[in-house]
There are 2 protein chains.
Amino acid sequence: MTQRTDIRRRLEEHGIQASAQRLAIAEYVLATDQHPAADTVLEVVAARLPVVSRATVYNTLHLFVEKGLLRELVLSEGRVVYDPKVEPHHHFVDETSGAIVDVPWEALRVEGVPELPGLDVSEFQVVLRGRRRARRRDG
Amino acid sequence: MTQRTDIRRRLEEHGIQASAQRLAIAEYVLATDQHPAADTVLEVVAARLPVVSRATVYNTLHLFVEKGLLRELVLSEGRVVYDPKVEPHHHFVDETSGAIVDVPWEALRVEGVPELPGLDVSEFQVVLRGRRRARRRDG
DNA sequence: ATCGTTCTTAGACTAAGTCCAATCTTCGGT
DNA sequence: ACCGAAGATTGGACTTAGTCTAAGAACGAT
């Protein structure tokens, strides 16, 4: 398991002191593509680590966001959700399941942003809603 | 004040039975360009109408959304906010003040949405973040 | 080993929103 | 104008997400 050491190194590179709790949280939240809410993180992490408090989960998630390891998304329905993919990309929200799907930046082209009068845009994304079509199961 | 009757007609056209509370709420929330939260609506409306309960404000806002008079937006930080402009448009969030600014649909061009594999997109918008530039005061 | 800093913890607290049973309004029919 | 049914409103209890705090535990440099 160099996995664990990799994560430790990654935290330290971002100026975050490692701890059992932070490692456990990182191990889950930095690897998932599920866009979990804080609550989900707490559940998942609590299952592996003997004891971890809610306050720590919130503290840690906020710290990770501040240090650029995680991005906080608020896309629908009072759901604050965390995304380990920090590069710019778009999001699709499945209206049936609530699932959030990443849409690669290159998949869409947005024109006109620099020309908006009176607005200095520092970042943007397209938020799409709809249904995910049944997946052909071919991997 | 034909204002009041106009609103009444508008509610009825959308299959909504009028009532003092609903009229008061509609009068504010359908005319504002402020993107108020439920809480704000409660405050504003409570100031004019002798008594209106929180439950009613929430019920009414949800009803208006369901009937297509209002759109619910969740753009940042656990803030659920209501927008009387139901036609498609984009949104800019001022990072300093939290203010939400409408961006006309025609101001941006988004290409590539129909080609997204596996996704049936029913609606989308661009969400932008940044600072509003100081407004030249020329009206 | 010690000391100061940093992390974690439980639990109280807050804010946003929901739920519910009882009460009050409204509307259509007469 | 009146009546009853259907629908709307109410306060208050409840839930859920998140914050705060004071006290204790672990860390790392000496």
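Proteins get letters first, then strands, A, B, ... in listed order; numbering begins at 1 in each. It should be emphasised that the depicted structure is a prediction, and the values quoted were computed from it without experimental measurement.
- Salt-bridge formation is not detected for the pair B:Arg8/B:Glu13: no Lys NZ or Arg NE/NH1/NH2 atom is positioned less than 4.0 Å from an Asp or Glu carboxylate oxygen.
- Contact between the side-chain N/O atoms of B:Thr56 and the OP1/OP2 oxygens of D:dT10 is found at a separation under 4.0 Å.
- Distances were taken from every side-chain heavy atom of B:Gln21 (C-beta onward) to each of D:dT10, C:dT8, D:dG18; the shortest belongs to D:dT10.
- We find that CD of B:Glu43 is positioned 13 Å from P of C:dG17, with the value rounded to whole Å.
- Straight-line distance from the CG atom of B:Leu42 to the C1' atom of D:dT9: 13 Å, rounded to whole Å.
- Between B:Asp39 atom CG and C:dA16 atom C1' there is a gap of 8 Å when expressed in whole angstrom units.
- Remark: B:Arg22 does not engage B:Glu27 in a salt bridge, criterion side-chain N to carboxylate O under 4.0 Å.
- Taking atom CG of B:Leu49 as the reference point, atom P of C:dT25 lies 12 Å away to the nearest angstrom.
- For the atom pair CG of B:Leu75 and NE2 of B:His35, the computed distance is 8.0 Å after rounding to the nearest 0.5 Å.
- When the side-chain nitrogen and oxygen atoms of B:His62 are compared with OP1 and OP2 of C:dG17, none of them lie within a distance under 4.0 Å.
- Evaluation of atom-type donor-acceptor distances gives no pair under 3.5 Å for the side chain of B:Arg54 against the base of D:dG11.
- Note: CZ (A:Phe64) to P (C:dC7) measures 11 Å, nearest angstrom.
- Within the 4.5 Å cutoff, the side chain of B:Leu128 has heavy atoms near those of the A:Val113 side chain.
- Close to D:dG7, at under 4.0 Å from its OP1 or OP2, lies no side-chain N or O of B:Ser19.
- Between A:Ile16 atom CD1 and C:dT5 atom P the separation is 22 Å, expressed in whole Å.
- Summary of the strand contacts: A:Arg79 and B:Ala55 both lie near DNA chain D, and taking for each the nucleotide with the nearest heavy atom, the more 5' one is attributed to B:Ala55.
- Distances shown here put a side-chain N or O of B:Arg22 below 4.0 Å from the OP1 or OP2 atom of D:dT9.
- Comparing B:Val80 and B:Gln17 along DNA chain C, the residue whose closest nucleotide (by nearest heavy atom) sits nearer the 5' end is B:Val80.
- Here the side chains of A:Arg132 and B:Asp120 are not in contact, with every heavy-atom distance at 4.5 Å or above.
- For the pair A:Tyr58 and D:dG18, the criterion of a side-chain N or O lying under 4.0 Å from OP1 or OP2 is met.
- Rounded to an integer number of Å, the gap from CG of B:Leu61 to C1' of D:dT9 is 15 Å.
- For A:Asn59 and D:dA17, the CG to C1' distance is 15 Å, given to the nearest whole Å.
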